[in-house]
Asker: 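Take a look at the following structure, please.
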Amino acid sequence: MPLLMRAVQAGEPVVLLNVGEPAERVGAFLGAYPATSATWLGGEAVTGTLRVSGFPTTLAVNARGRIVARHLGPLSSAQLQTLIRQAKETR
């Protein structure tokens, strides 16, 4: 989360999608991250459509709303920067 929050602070469009946790728990967790951007609950309804096979999964979405890259597992800063670049390059 700190890595994603730094991306939010840098102006990158980050959307968090929660799967399986109640809203109260999500809210309490996100309270530690004041830079949190959009957070959606009920992600279990779309994991099949998004082809999420495990957690965490990070998706790079271009300006047209298409998934252009994905990463399964924890992210390094370099991996996140690559995903951000891929989303921007494939408009």
Asker: Please, which pairs that meet salt bridge (charged side-chain N to carboxylate O under 4.0 Å, His left out) have at least one residue in residues 47-61, sequence neighbours excluded?
Answerer: none

Asker: Any chain of hydrophobic side-chain contacts (each under 4.5 Å) joining V52 to L4?
Answerer: no

Asker: Judged by atom type as modelled, is there a donor-acceptor pair below 3.5 Å linking the side chain of R6 to the main-chain atoms of M1?
Answerer: no

Asker: Would you please say whether a donor-acceptor pair under 3.5 Å links the side chains of Q79 and S76?
Answerer: yes

Asker: Would you say Y33 and L80 are hydrophobically clustered, going by side-chain heavy atoms of ILVMFWY under 4.5 Å?
Answerer: yes

Asker: Would a hydrophobic clustering, with Ile, Leu, Val, Met, Phe, Trp and Tyr connected at side-chain separations under 4.5 Å, put W40 with V46?
Answerer: yes

Asker: Would you compute the distance between atom OG1 of T58 and atom CZ of R70 and round it to the nearest 0.5 angstrom?
Answerer: 10.5 Å

Asker: What heavy-atom pair brings P74 and P56 nearest, and what distance separates the two atoms?
Answerer: N-CG, 4.0 Å

Asker: Show every donor-acceptor pair shorter than 3.5 Å between a side-chain atom in residues 11-31 and any protein atom, with sequence neighbours excluded, or say none if there are none.
Answerer:
unit_1, atom_1, unit_2, atom_2, d
E12, OE1, K88, NZ, 3.2
E12, OE2, K88, NZ, 3.1
N18, ND2, E21, O, 3.0
E21, OE1, R25, NH1, 2.8

Asker: Between L75 and L83, does a side-chain contact (heavy atoms from CB on, under 4.5 Å) hold up when you go through it step by step?
Answerer: CA-CA 10 Å; L75 280 174; L83 290 171; 3.9 Å; yes

Asker: Report yes or no: do F55 and L50 belong to one cluster of Ile/Leu/Val/Met/Phe/Trp/Tyr joined by side chain heavy-atom distances under 4.5 Å?
Answerer: yes

